Amino acid sequence: MSRPTMPPALPTAPPAALPPGLPPLPDLSALNAADLAGFVQQLAGIYEHSPWIAERAWAQRPTGGYSSLAALKVALAAVVREASEAEQLGLIRAHPELAGKAMVARTLTAESTNEQTTSGLTHCSPEEFATLQRLNADYNARFGWPFILAVRGPRGDGLTRQQIIDTFARRLGGTPAFERAECLRNIHRIAEIRLNDRFGFDPVLGRQVWDCAERLARRPDGRWVSDPGFAEAGQLTVTYGTAAHQACQQQLLLWMHECGFDEVRIDAVGNVVGLYRGEDPTAPRLLTGSHFDTVRNGGRYDGRLGIFVPLVAVRALWQAGRRLPFDLEVVAFAEEEGQRFAATFLGSSALTGQFNPAWLTQTDAQGIPLAQAMREVGLPGTMAAIAAEARDPTRYRGFVEVHIEQGPVLNQLDLPLGVVSAINGSRRFTGEVLGTACHAGTTPMDRRHDAALAVAELALAVEARARRTPEAVGTVGILEVPGGSINVVPGRCRFSLDLRAPQNSARDAMVDEAMAQLRTICERRGVSFQLTETMSAAAAPSDGALQAHWAAAVQALGLPAFTLPSGAGHDAMKLHEVMPQAMLFVRGGNAGISHNPLETVTADDGDLAVRAFLQLLARLATS
Ligand SMILES: [Zn+2]
């Protein structure tokens, strides 16, 4: 069985996506020089009918004023976050309904008219209009305030009417507390785009990132770059060695060429490697990158964002004719998620020299061994070729990785970027408690040996323990009663345990306590248990110097250097084994959801990520 080794090259990205030069940031000197009245006047209409937000932002302005538009946006959001619940609801209620009476009667503010027109809401079909009216009524009845959506969307140029209706219908199912917060976040996004318009700022670099994510997921004709079965369903799934995976490699190769990389190649495990030569070829290199494979029905940014950001940054450097003192090596890792083969981190393991030879004989669901899958796509599929990819760590300054947060923290704090302090170490267990199955009607409560209640107690104990440990998490994700029945006291309960913390010591202390709790609970309940450790991954604390450079890079944009641990594993965790590493997180929209098609990043946050990356490079160049 053989397939063509490489698919034909894909069409070039639209030229509009890659403009010259690094666009300047807006000048806020007039705003910063203004008195209270002038400041409020200059920000009139940014937050709908709510001048108190600008008033408080003026009162809280830092000495010397707001250093950037991004700093102003964060400050305005903070004013709203610290306001009373009544003030927040007042702000939400100051907004018009989407395609509502105010739009029909033409009584919207100029800003709202612009947004509702851009998204095409003024051109609804009668059916769409009727659907929106029904959703408006249902939403208002359920929550007591109007549905708020930033209809200009993550790129800033407008969601489609169908996207708006779909989002509306989905959010109708939310809880009031979540919806209130989500409405406020959408109000901040509306304000962000209004501020961009007001101050003449266009997040060009971020739109390049956004367009790359769209283009790597979908061809210009709308077909998905996705594995068979998923492409037809409009779902993004790219697993190792498939045709979609090869198409991604080819697109990334092409983009690296276009962005000005000097050397571009596909390595022995299928990573796409680009080298942007520096002035001194002997200076230790900087390594960066992330993965382009996805989980099943995944998002467009997980991993891929950490490839696009350095690509756009290199393009900006190359177009400006600038070289760094050191080589910059960008690796688009072929595999991180472990979807087709059981092994994970195939891409980064090759670089660290820890690619396990036994992986080559692992088979996928069709029984194809990894080595054969490699040969089918034109790779050698031999250990000798893979081992030759191992990098000499002494030749590197370190590894940095930009990644979407994949969690709710930055989103809830209204912060676009976060500096990662450590990738949490984790330990996983699977276990089973054995009690006595007996009649639910005839067995008195004090004569029972309920296996499920023992696990339930363990789950609560794990929750309490993890809550007491800073930045730790503990989860009983599986809790099942095999063959359970409504009228039978559970005699068996299978469960899992997943404990993570930024330091191995904290993680291990949680494990020890969970074990002790389990023993005590089982003894008291007269049940027995068995437990097997299935995984143990060491914590990967960020390198102090690189983390400080990220923090300074974020601060240079006017943003606070908020620090958080990574709860998920990343390629940086593998590179950590051989060289210093530090990561930058980018806020995800839709409450930070990931491994899900709703995963999203705004062009503005993408723009900040590219600028932070360029700042990091500039700092490394001079230190
Ligand atoms: Zn990832």
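Throughout, residue positions are numbered sequentially from 1 according to the sequence presented. From a predicted model like this one, the values you see are computed outputs, not experimental measurements.
- Residues Thr122 and Thr113 fail the side-chain proximity criterion, which asks for heavy atoms closer than 4.5 Å.
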Step by step, work out the side-chain hydrogen bond (donor to acceptor under 3.5 Å, both in side chains) result for Asp302 and His403. CA-CA 7 Å; Asp302 177 6; His403 206 283; 3.0 Å; yes
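- A distance of 11.5 Å separates CD in Gln41 from CG in Leu31, rounded to the nearest 0.5 Å.
- In this structure, the side chains of Leu559 and Val74 come closer than 4.5 Å at one or more pairs of heavy atoms.
- Taking the centre and axis of the six-membered ring of Trp58, the NZ or CZ atom of Arg61 falls inside the cone set by 45° and 6.0 Å.
- Between Arg93 and Glu48, none of the side-chain N atoms (NZ, or NE/NH1/NH2) sits under 4.0 Å from a carboxylate O, so this pair counts as no salt bridge.
- Checking side-chain atoms of His549 against main-chain N and O of Leu616 turns up no donor-acceptor pair under 3.5 Å.
- Ion pairing between a basic and an acidic side chain is recognised when a charged N comes within 4.0 Å of a carboxylate O; Lys73 and Asp604 show such pairing.
- The pair Arg152-Asp197 counts as a salt bridge, with a side-chain nitrogen and a carboxylate oxygen less than 4.0 angstrom apart.
- Cation-pi check for Arg323 over Tyr276 is met; the charged atom lies under 6.0 angstrom from the ring centroid and within 45 degrees of its normal.
- Between the side chain of Asp293 and the backbone N or O of Glu337, at least one donor-acceptor pair lies under 3.5 Å.
- For Arg161 and Phe168, the positive end is not near the middle of the six-membered ring at less than 6.0 Å and at most 45° from its axis.
- At a threshold of 4.0 Å, the pair Asp607-Arg207 does not count as salt-bridged, since none of the basic side-chain nitrogens sits closer than that to a carboxylate oxygen.
- Remark: Ile92 CD1 to Glu87 CD distance equals 12.5 Å, nearest 0.5 Å.
- Looking at every heavy atom in both residues, Gly558 comes nearest to Ser68 through CA-OG, 3.8 Å.
- To the nearest 0.5 Å, the span separating CZ on Arg587 from CG on Leu608 amounts to 8.5 Å.
- Here the rule is side-chain contact (heavy atoms from CB on, under 4.5 Å) with Phe308, and of Leu252, Val601, Asp211 only Leu252 fits it.
- One N or O on the side chain of Asn411 and one on the backbone of Gly588 form a donor-acceptor pair closer than 3.5 Å.
- Once rounded to the nearest 0.5 Å, the distance linking CG of Leu25 with CZ of Phe201 reads 5.5 Å.
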I'd like to know whether Glu192 forms a salt bridge (charged side-chain N to carboxylate O under 4.0 Å, His left out) with Arg185, so could you lay out the CA-CA distance, the side-chain angles of the two residues, the decisive distance to 0.1 Å, and finally the verdict. CA-CA 10 Å; Glu192 171 158 69; Arg185 286 191 285 265; over 6 Å; no
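- Ion pair Glu599/Arg300 not flagged as a salt bridge, since none of the NZ, NE, NH1 or NH2 atoms sits closer than 4.0 Å to an Asp/Glu carboxylate oxygen.
- Taking the six-membered ring where tryptophan is involved, the planes of Tyr47 and His188 are perpendicular, since the angle between them exceeds 60° and thus also 30°.
- Counting non-hydrogen atoms of neighbouring residues, nucleotides and ligands closer than 6.0 angstrom, the CZ atom of Arg142 exceeds 12 such neighbours.
- Between the CG atom in Leu149 and the NE2 atom in His95 there is a gap of 11.5 Å [rounded to 0.5 Å].
- Side chain of Arg81 to main chain of Leu413: a donor-acceptor pair is present (N/O by atom type, distance under 3.5 Å, no hydrogens or angles).
- Heavy-atom neighbours of Arg322 CZ from other residues, nucleotides or ligands within 6.0 Å: at or below the threshold of 12.
- Heavy-atom contacts from other residues, nucleotides or ligands closer than 6.0 Å to NE2 of His49 number more than 12.
- A salt bridge between Glu179 and Arg171 is present, with a side-chain N of the basic residue lying under 4.0 Å from a carboxylate O of the acidic one.
- A distance-only check finds a donor-acceptor pair linking the side chain of Arg189 to the backbone of Pro154 [under 3.5 Å].
- The pair Arg219-Asp221 fails the salt-bridge criterion, with no side-chain N (NZ, NE, NH1 or NH2) lying under 4.0 Å from an Asp/Glu carboxylate O.
- The structure places CZ of Arg619 at 8.0 Å from CD of Gln615, a figure rounded to the nearest 0.5 Å.
- Summarising the geometry of Leu617 relative to Leu324, their closest heavy-atom pair is CB-CD2, 4.0 Å, with the distance given to 0.1 Å.
- Of the possible polar contacts, one joining the Arg304 side chain to the Phe292 backbone as a donor-acceptor pair under 3.5 Å is found.
- Salt bridge status for Arg194 with Glu115: present, with a side-chain N to carboxylate O gap under 4.0 Å.
- Ring planes of Phe39 and Tyr66: tilted class, angle from 30 to 60°.
- The shortest distance between side-chain heavy atoms of Tyr301 and Trp210 falls below 4.5 Å.
- Checking side-chain atoms of Gln42 against main-chain N and O of Ala30 turns up a donor-acceptor pair under 3.5 Å.
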